[in-house]
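Note that the structure is a prediction, hence the values are computed from the model and not measured. For the numbers below, each heavy atom of this structure counts, side chains included, while hydrogens, waters and symmetry mates do not.
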Amino acid sequence: AMTLTIARLIHSTAWERRAHRTVLHDIAEQRYRSPGEARARAAALGLPVTDVSFLAVLVDAPRNAGEVEAALSRALERTALVGTLTERRAGVLLFLRKGQPWQSTVEQLSRTAREQDADAVVSIGCEVADIAHVARSFREAGRMAETVLPGSGLLFHRLSAIGLRH
């Protein structure tokens, strides 16, 4: 039992990746019975769910979305849900402790994504305090992703950075 526990802590397994993808999809699309259920499912995957805020991040990777997902999963272990949303898009839901700045995490996430796919474009939504509002953050990130062209030079894109009102 100890060996299995240690192995699980060192290496994520295929069922854990699937569980992360499923929970990410369900939270991003509000496919849960209650916010309490969504928090319980995230907690079951080892993520902090009390005294946290949430930030949705989309990574459009035209060539290597699967590899980007794997690299992000390793880099953000136990601090985020990571999963592919479409063939070319990975999604990340960051669980941020109260007062924890998100910029450095998103910058590192962007660098990791670009190491796997040089044309990766990272878009973020608004930071929200309640898991019930995460879908809005993903919609905002999606709108931003639709307007950004690869090669802009920025590590990540957000609506407030382009001067448009929400």
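- With 3.5 Å as the limit, one finds a donor-acceptor pair spanning the side chains of Ser73 and Arg17.
- Side-chain atoms of Asn64 come within 3.5 Å of backbone atoms of Gln116 as a donor-acceptor pair (strictly under, hydrogens ignored).
- Atoms NE2 and CZ, from His25 and Phe138 in turn, are 9.5 Å apart once rounded to the nearest 0.5 Å.
- Between Trp102 and Phe156, the gap from one ring centroid to the other is short of 6.0 Å.
- Using a 4.5 Å heavy-atom cutoff, the side chains of Glu69 and Val82 are in contact.
- The closest side-chain heavy-atom distance from Arg111 to Val122 is not below 4.5 Å.
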Practice task
Show your working on side-chain contact (heavy atoms from CB on, under 4.5 Å) between Leu58 and Glu146 and close with a plain yes or no.
Solution key: CA-CA 11 Å; Leu58 295 177; Glu146 292 170 3; over 6 Å; no
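- Leu155 and Ser110 make their closest contact through O-OG, 2.8 Å (heavy atoms, listed as atom of the first residue, atom of the second, distance).
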Exercise for the section: Apply side-chain contact (heavy atoms from CB on, under 4.5 Å) to the pair Thr105 and Leu55, showing each step before the final yes or no. Expected result: CA-CA 11 Å; Thr105 302; Leu55 182 69; over 6 Å; no
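- Taking all atoms of both residues into account, the shortest heavy-atom contact from Tyr32 to Ile27 is CE2-CA, 3.9 Å.
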Exercise for the section: Run the numbers on Leu47 and Thr79 for side-chain contact (heavy atoms from CB on, under 4.5 Å), then give the verdict. Expected result: CA-CA 6 Å; Leu47 294 161; Thr79 60; 5.5 Å; no
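- Remark: Ile131 CD1 to Ser53 OG distance equals 11.5 Å, nearest 0.5 Å.
- The shortest heavy-atom contact between Asp60 and Ala145 is OD2-CB, 3.6 Å.
- Contact check for Pro62 versus Asp117: side-chain heavy atoms found under the 4.5 Å cut-off.
- Looking at Glu140 and Arg158, their side chains never come closer than 4.5 Å, going by heavy atoms from C-beta outward.
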Exercise for the section: Output, in order, the C-alpha distance, side-chain angles, deciding distance and verdict of side-chain contact (heavy atoms from CB on, under 4.5 Å) for Glu127 and Leu96. Expected result: CA-CA 9 Å; Glu127 186 176 358; Leu96 304 164; 3.9 Å; yes
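- Side-chain contact between His157 and Val121 is present, with at least one heavy-atom pair separated by less than 4.5 Å.
- Between the side chain of Gln30 and the backbone N or O of Ala132, at least one donor-acceptor pair lies under 3.5 Å.
- The main-chain N or O of Asp26 is never found under 3.5 Å from a side-chain atom of Arg41 such that the two would form a donor-acceptor pair.
- Summarising the geometry of Leu45 relative to Ala19, their closest heavy-atom pair is CD2-CB, 3.7 Å, with the distance given to 0.1 Å.
- How far CD of Gln103 is from CD of Gln108: 14.5 Å, rounded to the nearest 0.5 Å.
- The side chain to side chain contact (heavy atoms under 4.5 Å, CB included) with Leu24 is formed by just one residue from the set Val92, Val134, Leu93; it is Leu93.
- Remark: Leu109 CG to Leu94 CG distance equals 6.5 Å, nearest 0.5 Å.
- Shortest non-hydrogen contact noted between Ala129 and Lys98 is CB-NZ, 4.3 Å.
- Taking SG from Cys126 and CE from Met144, the interatomic distance works out to 13.5 Å, rounded to the nearest 0.5 Å.
- Between the side chain of Gln100 and the backbone N or O of Arg97 there is at least one donor-acceptor pair closer than 3.5 Å.
- When every heavy atom of Val59 is checked against every heavy atom of Ala120, the shortest pair comes out as CG1-CB, 4.1 Å.
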